[in-house]
> 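Submitted below is the structure of interest, expressed as structure tokens.
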Amino acid sequence: MKKVNIQNKLNQFQDHWNPRIVGELNGQQVKLAKLKGEFIWHSHDAEDELFWVISGVLKIEFRESSVTLHPGEFIIVPKGVEHKPVAENEVEVMLFEPTATKHTGNEHHELTNNEQQHL
């Protein structure tokens with residue numbers, strides 16, 4: 001059992017769209033990421049995904065709508081729902097998702113990283 005200082009972990013990297021694993025529990029991974037710009041449209045066939053905003057403003061676009069998240073807010077994107085995160089300025093987020101979740105679902109893109117490192 002070790003406590004985790006989120007800000008210390010976030011200070012260990014600067015790149016965007018490359019989540020780092022900071023914990024695991026019950027088949028879930030807890031990840032931290034920095035986001036800036038637009039990600040790609042994708043979905044996860046079998047896994048829900050939670051985005052919790054630590055700092056900044058994150059917009060999650062869906063095909064028919066969008067949701068804007070501020071610090072201290074989160075959204076759970078249900079499995080199978082196509083979405084695209086957009087961060088006009090840098091955003092720091094915590095993600096909760098099953099260990100088997102592929103970074104960009106079934107989409108292959110230069111941003112895809114299914115070999116995320118542990119911090």
Side-chain angles (χ1 to χ4, degrees):
M1 291 184 286
K2 294 189 278 186
K3 71 177 182 177
V4 175
N5 183 298
I6 293 169
Q7 197 57 57
N8 285 348
K9 296 292 186 183
L10 285 165
N11 289 341
Q12 293 181 33
F13 63 95
Q14 300 304 316
D15 56 335
H16 299 113
W17 306 111
N18 187 11
R20 302 314 202 279
I21 301 163
V22 295
E24 297 189 44
L25 69 157
N26 302 318
Q28 299 277 318
Q29 290 182 327
V30 180
K31 301 177 181 180
L32 294 174
K34 294 181 182 183
L35 317 177
K36 187 173 181 183
E38 293 189 12
F39 202 55
I40 64 167
W41 283 104
H42 68 286
S43 63
H44 306 281
D45 293 338
E47 303 92 10
D48 299 333
E49 184 176 29
L50 183 146
F51 291 83
W52 175 28
V53 174
I54 297 167
S55 69
V57 177
L58 178 65
K59 182 167 75 169
I60 305 285
E61 293 184 356
F62 302 101
R63 290 297 183 181
E64 302 296 323
S65 64
S66 67
V67 174
T68 300
L69 301 169
H70 298 273
E73 297 180 328
F74 71 85
I75 188 169
I76 299 171
V77 178
K79 63 184 171 188
V81 174
E82 198 172 19
H83 58 286
K84 178 174 77 167
V86 177
E88 187 173 315
N89 297 300
E90 186 173 81
V91 176
E92 296 174 328
V93 297
M94 182 177 282
L95 307 167
F96 291 87
E97 51 194 27
T99 303
T101 302
K102 294 181 180 176
H103 188 216
T104 54
N106 292 326
E107 302 297 323
H108 297 286
H109 188 272
E110 64 186 38
L111 293 173
T112 301
N113 176 5
N114 289 320
E115 302 296 326
Q116 297 159 3
Q117 77 180 90
H118 287 77
L119 287 184

> Under the side-chain hydrogen bond (donor to acceptor under 3.5 Å, both in side chains) definition, can you give me all pairs with a residue in residues 64-80, not counting sequence neighbours?
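Residue pairs passing side-chain hydrogen bond (donor to acceptor under 3.5 Å, both in side chains), neighbours aside: none found.
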> Is Val53 reachable from Phe62 through a run of hydrophobic residues whose side-chain heavy atoms are each under 4.5 Å from the next?
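As far as the 4.5 Å side-chain criterion goes, Val53 and Phe62 are connected within one cluster.
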> In this structure, which one of Gln29, Met94, Lys31 forms a side-chain contact (heavy atoms from CB on, under 4.5 Å) with Pro19?
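The passing option is Lys31.
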> If the test is side-chain contact (heavy atoms from CB on, under 4.5 Å), which one of Ile54, Leu35, Leu69 qualifies with Val93?
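Between Val93 and the candidates, side-chain contact (heavy atoms from CB on, under 4.5 Å) is satisfied uniquely by Leu35.
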> Donor-acceptor pairs under 3.5 angstrom involving side-chain atoms of residues 5-13: please list them, not counting sequence neighbours.
| from | atom 1 | to | atom 2 | distance (Å) |
| --- | --- | --- | --- | --- |
| Asn5 | OD1 | Gln7 | N | 3.1 |
| Asn5 | OD1 | Asn8 | N | 2.8 |
| Gln7 | NE2 | Asn11 | OD1 | 3.2 |
| Lys9 | NZ | Leu119 | O | 3.3 |
| Asn11 | ND2 | Gln7 | O | 3.3 |

> What is the distance from atom CD of Glu82 to atom CD1 of Ile40, rounded to the nearest 0.5 Å?
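If we round to the nearest 0.5 Å, Glu82:CD and Ile40:CD1 are 9.5 Å apart.
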> Using side-chain heavy atoms (C-beta onward) and a distance below 4.5 Å, is Leu95 in contact with Phe51?
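Yes - at least one pair of side-chain heavy atoms lies under 4.5 Å apart.
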> If hydrophobic clusters are built by linking Ile, Leu, Val, Met, Phe, Trp and Tyr wherever their side-chain heavy atoms come under 4.5 Å apart, do Ile76 and Val30 end up in the same one?
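Yes; Val30 is reachable from Ile76 via cluster members.
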> Give the cluster check for Leu25 versus Val22: same hydrophobic cluster or not, with ILVMFWY residues linked at side-chain heavy-atom distances below 4.5 Å.
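Yes: a chain of side-chain contacts under 4.5 Å links Leu25 to Val22.
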> Of all heavy-atom pairs between Gly56 and Pro71, which one has the smallest distance, and what is that distance?
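Heavy-atom minimum between the residues: O-CD, 3.2 Å.
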> Side-chain polar contacts of residues 84-91 - donor-acceptor pairs under 3.5 angstrom, sequence neighbours left out - could you list them?
| from | atom 1 | to | atom 2 | distance (Å) |
| --- | --- | --- | --- | --- |
| Lys84 | NZ | Glu38 | OE1 | 2.9 |
| Glu90 | OE2 | His16 | NE2 | 2.7 |

> Which distance, rounded to the nearest 0.5 Å, do you find between the CG of Asn26 and the CZ of Phe96?
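Here the rounded value is 11.5 Å.
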> Answer yes if the ring centres of Trp17 and Phe39 are under 6.0 angstrom apart, and no otherwise.
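For Trp17 and Phe39, the ring centres are under 6.0 Å apart.
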> Parallel, tilted or perpendicular: which fits the ring planes of His42 and His83, with parallel below 30° and perpendicular above 60°?
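Answer is tilted, since the angle falls between 30° and 60°.
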> Going by the rule side chain to side chain contact (heavy atoms under 4.5 Å, CB included), which residues pair with Pro78 if we only count those two or more places apart in sequence or in a different chain?
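Applying side chain to side chain contact (heavy atoms under 4.5 Å, CB included) to Pro78 gives Asp48, Val81.
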